[in-house]
Amino acid sequence: MNPTDVPGLPPGVPEFLVDSGIEALYPPQAAAVDAGVTEGDSLVASVPTASGKTLVAELAMLSSVHRGGTALYVVPLRALASEKKAEFERWADFDVEVGISTGNYESSEEWLSSRDIVVATSEKVDSLVRNGAPWIDDLTCVVADEVHLVDDPNRGPTLEVTLAKLRRINPDLQVVALSATVDNADEVADWLDAELVKSDWRPVDLRTGVHYGDAITFDDGSQREVPVGRGERPTAALVDDALDDGGSSLVFVNSRRNAEAAARRQADVTDRHLTDDERDELAALADEVASVSETETSEDLAAVVEKGAAFHHAGLSAEHRSLVEDAFRDRLLKAICATPTLAAGVNTPSRRVIVRDWRRYDGEFGGMKPLDVLEVHQMFGRAGRPGLDPYGEAVLLAKDHDTMDELFDRYVHADPEPVGSKLAREPAMRTHLLATVASGFARTREGLLDFLDRTLYAAQSEETARLESVVDSVIEYLVANDFVERNGDEITATNLGHTVSRLYLDPMSAAEIVDGLRDADDPTPLGLYHLVCRTPDMYQLYLKSGDRETYTELCYERETELLGRVPSEFEDVRFEEWLSALKTAKLLEDWASEVDEDRITERYGVGPGDLRGKVDTAEWLLGAAERLAVELELDSVVAVREAKKRVEDGVREELLDLTGVRSVGRKRARRLFEAGVESRSDLREAEKSVVLGALRGRERTAERILENAGRQDPSMDDVSAAETAVDDGDDGGKGETGRSGGAGADQQASLGDFE
DNA sequence: TGATTGGTCGTATAGACAGCATGTC
DNA sequence: CTATACGACCAATCA
């Protein structure tokens, strides 16, 4: 089928497709068109990664827009949202405008409602529905990307419920669900009243196999010799072998530490294959990587990047990740060693994929648990770059013959697991039942059950008894915590319940916060950080060896600051969790006390990405706590707001006025303060030479800051920097800056003890 | 003698959405 | 209750 044969597209689009090299549709794409995706019919496409799913979605959305509608593209990750938005912007010439809406970035409200295509995460869509965004009612087409994630215990139910709500709001809505190949795609299609297109077709040949001894054995029985030298590791031999053919490698391992260690070893291999030009480019890239942050992670990454390899995991900052991903896509980096993040994230295809570790530690399982077939197949799916590689290879590693047989059975010749709804789990129910009541989708127990009948859970499950019993116990919980009220049969959300639903909080988090704040007289930042850290919406840090003692001690030392009653050290299982929350809270307190980033990452054994993540979540939760305090007219509002501002800017109290000035962050604010410029008004009146000195003689920066502070004459012409007492950043590892009295001083004492 | 190999022991274990209102060094 | 790999350390072995 040719693009010109596709009905329903805006004029010019088929020709545009042909011009951009798409002369014939891939078979699954043609099947989707035959099933009516461009004529408003719903569809489930269960096809391999990189087999042209995105074009199917684009055809559906373009045709829907052409008929005068608007489309929504739902993704599981923020990074994917920006990737897709950029991709869809190629339709700008056809008057199709694209907007984006995620937690950290959003096109403005009225602008968004004028878009033809909006890209958003499933949580954001859920939140938009809860907050009654008007344009949601006018949608004509929704695309759900990676719909197999309904199986995810944490986030799957959100996708499931959101799709159910969108369909209820608009019964004529066209739903296009894109899925990896799963066993029971037909059930998903039944649920969505959609046609099913199922295919194994791939544009680039994929060969999967197992390496054992000195060769890879592929699924078709063929072999490729890849001898492993004496003392050499199989992974290194495979990376080397791929490079001999001019191909890159993507290695999946099961822990961050392994990713970093393996990347160091691979770097020695990739280093041997570099041209002089590549070496220059890599040196520049390494500099860029190193300058992202002054942390060990940054240095370690730069050290391997220089040799053409990299590691990739969630401890990296967003900048690190995109630098690595882009350079790998540009074929500058020859090998990446990654945790499973990469398999689910943005598009990073590679000639060869090596799944080195196929088991991962799982605390609940109590040991090393084999990865799901679906997960491994997702990794396999990264092999082969369309248009660049003649074929892709995915290889598992076996160290003995039995393992080889097992891997063939378990992964190479196996079908992926069926996906199943996780909606009946209580944490998911808590959030979604409250939201369903609060946004008026149901007003009674029966109404709730009726709504739930539209979900995948109901479509998959014969008996509803389990669902009913979870619903009942969750209603009890919501009533007991004053989120909903019962009047006879009717269930309505209280004001508090409405607020919690709109804030997108887990009701259990809200209950914890409300309890803690009610108990609080004059809460300290640490007390508030601990409060939000022990909610289920915050992932806590692990306790490492020795941490138990450290934080038990800290817990007693600062017991008066902690909100609520400390669980008993000896009787209560919650004590452990209380300590992890304390460790996490302490990290936030360090951050809000201007401890350097590298100091924090080292002290808590986390990466810069984790630090950002914790700070981000704390910001969100403290913002929510502030709103709750306002709602309940509690005295702690001011204390919460200040604690929030301090994590947001990463500074002590006395710098908050300065960091309120645009382009002044934690570093510059501290330098200015130390030079005697202590507030926004000081900035307007201070001696210019002092300001310039504090800013290390950066004239442009100084001018910008003075201007932002509202100074009349910001010009730095003819001003020379004054000497300042501030030491110059290279502070010999002493992260804690600032000793000036006020609120900071009493905290300083315990900080010292903590070392 | 120094380099390489081989054993034990201790230790640590993937990921990341959301409100609101704007912007680091 | 459940596993495994890595790195650090130290001892044994070989050129």
Side-chain angles (χ1 to χ4, degrees), chain A residues 75-79 81 101-106 108 120-128 130-131 149 152 154-156 158-159 230-231 252-262 265 291-294 312-315 318-319 338-345 356-357 359-371 375 431 499-506 509 537-539 542-546 597 605 609-610 612-614 616-617 619-628 644 648-650 659-669 671 695-696 698 701 704-705 708 729:
Chain A
V75 291
L77 296 170
R78 294 202 282 233
S101 178
T102 67
N104 59 351
Y105 183 67
E106 172 166 40
S108 75
T121 54
S122 37
E123 283 77 9
K124 188 64 189 192
V125 178
D126 188 15
S127 168
L128 288 165
R130 293 182 187 196
N131 287 287
L149 291 174
D152 182 288
N154 296 315
R155 299 180 53 209
T158 304
L159 178 57
R230 210 172 59 94
F252 286 105
V253 298
N254 63 4
S255 76
R256 295 177 178 190
R257 218 167 63 126
N258 283 341
E260 297 188 15
R265 287 190 300 266
S291 70
V292 167
S293 72
E294 285 174 19
H312 188 288
H313 56 64
E319 303 85 64
T339 55
T341 352
L342 208 59
R356 194 194 77 178
D357 301 336
R359 282 176 293 205
R360 183 170 53 222
Y361 180 83
D362 182 329
E364 270 173 59
F365 183 76
M368 301 304 277
K369 188 181 179 184
L371 300 181
E375 216 174 340
T431 312
T499 304
V500 170
S501 169
R502 281 197 300 262
L503 288 172
Y504 213 78
L505 280 181
D506 181 334
S509 299
D537 276 311
M538 176 72 94
Y539 269 81
Y542 296 111
L543 291 181
K544 301 185 181 178
S545 71
E597 191 185 18
D610 302 293
R612 275 290 356 143
K614 294 285 174 289
D616 238 36
T617 309
E619 256 177 70
W620 166 55
L621 285 170
L622 288 164
E626 186 190 331
R627 293 278 298 274
L628 289 173
K644 182 200 165 210
E648 216 173 292
D649 296 341
T659 49
V661 177
R662 198 164 36 172
S663 352
V664 179
R666 65 200 306 242
K667 294 269 169 67
R668 288 174 181 169
R671 286 198 211 101
L695 295 170
R696 298 161 153 184
R698 304 297 165 103
T701 308
R704 201 168 66 241
I705 288 172
N708 292 337

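So you know, we letter chains A, B, ... as the sequences are listed, proteins then strands, and number each from 1.
- Partners of A:R627 according to the salt bridge (Lys or Arg N to Asp or Glu O under 4.0 Å) rule, which considers only residues two or more places apart in sequence or in another chain, do not exist here.
- Residues forming a side chain to side chain contact (heavy atoms under 4.5 Å, CB included) with A:T158 (at least two apart in sequence, or on another chain): A:E123, A:D126, A:T162, A:H432, A:Y504.
- Residues passing the salt bridge (Lys or Arg N to Asp or Glu O under 4.0 Å) test with A:E648, sequence neighbours excluded: A:K644.
- Remark: P of B:dG15 and NE2 of A:H313 are 7 Å apart, rounded to the nearest angstrom.
- Considering only residues two or more places apart in sequence or on other chains, A:T431 meets the side chain to side chain contact (heavy atoms under 4.5 Å, CB included) condition with A:R130, A:D506, A:P507.
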### Summary
Counting primed atoms, P, OP1 and OP2 as sugar-phosphate and everything else as base, the B/S/- map of nucleotides 16-22 of chain B against protein heavy atoms under 4.0 Å is BBBBS-B
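- The separation between A:R698 atom CZ and B:dT24 atom P is 18 Å, rounded to whole Å.
- Taking the C1' atoms as reference points, C:dT4 lies 16 Å from B:dA14, given to the whole Å.
- Take the nearest nucleotide of DNA chain B for A:G605 and for A:V661: the residue whose nucleotide is more 5' is A:G605.
- Nucleotides of DNA chain C lying under 4.0 Å from heavy atoms of chain A occupy a range whose first and last members, 5' to 3', are C:dT2 to C:dG7.
- Contact between the side-chain N/O atoms of A:T339 and the OP1/OP2 oxygens of B:dG15 is found at a separation under 4.0 Å.
- No engagement by A:N154 is indicated, since no non-hydrogen atom pair under 4.0 Å with the nucleic acid exists.
- Atom-to-atom, CG of A:L371 to C1' of B:dT13 comes out at 13 Å; the value is rounded to the nearest Å.
- In this entry the distance linking CD of A:E364 with C1' of B:dG15 reads 14 Å, nearest Å.
- The base of B:dA12 does not come close enough to the side chain of A:R257 for any donor and acceptor atom to sit less than 3.5 Å apart.
- Of the charged side-chain nitrogens involved, at least one lies within less than 4.0 Å of a carboxylate oxygen, so that A:R360 and A:E375 count as a salt-bridged pair.
- Applying the salt bridge (Lys or Arg N to Asp or Glu O under 4.0 Å) criterion to A:K614, with sequence neighbours excluded, gives no partner residue.
- Partners of A:R662 under the side chain to side chain contact (heavy atoms under 4.5 Å, CB included) rule, at least two apart in sequence or in another chain, are A:N708.
- Residue A:R359 is in sugar-phosphate contact alone, with no base atom involved, counting any heavy-atom pair closer than 4.0 Å across all strands shown.
- At most 12 heavy atoms of other shown residues, nucleotides or ligands fall within 6.0 angstrom of atom CZ in A:R698.
- When the P atom of B:dT13 is taken as reference, atom CG of A:L543 falls 11 Å away, rounded to whole Å.
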### For DNA chain B, the dot-bracket pattern of Watson-Crick and G-U pairs whose distances stay under 3.5 Å, | for other-strand partners
|||||||||||||............
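- Looking at residues two or more places apart in sequence or on another chain, you find a salt bridge (Lys or Arg N to Asp or Glu O under 4.0 Å) between A:D610 and A:R256.
- Rounded to whole angstrom, the span from the CZ atom of A:R360 across to the C1' atom of B:dA12 amounts to 16 Å.
- For A:H313, the ring pair (Phe, Tyr, Trp, His ring centres under 6.0 Å) partners are A:F311, not counting sequence neighbours.
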### Task
Might you work through the side-chain contact (heavy atoms from CB on, under 4.5 Å) test for A:L503 and A:W620, ending with a clear yes or no?
CA-CA 9 Å; A:L503 288 172; A:W620 166 55; 5.8 Å; no
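- Rounded to an integer number of Å, the gap from A:Y542 OH to B:dT11 P is 18 Å.
- Between A:R668 atom CZ and B:dG23 atom C1' there is a gap of 12 Å when expressed in whole angstrom units.
- At a threshold of 4.0 angstrom between heavy atoms, the contacts of A:R704 with the nucleic acid are absent.
- Partners of A:D152 by side chain to side chain contact (heavy atoms under 4.5 Å, CB included), not counting sequence neighbours, listed by chain and number: A:N154, A:R155.
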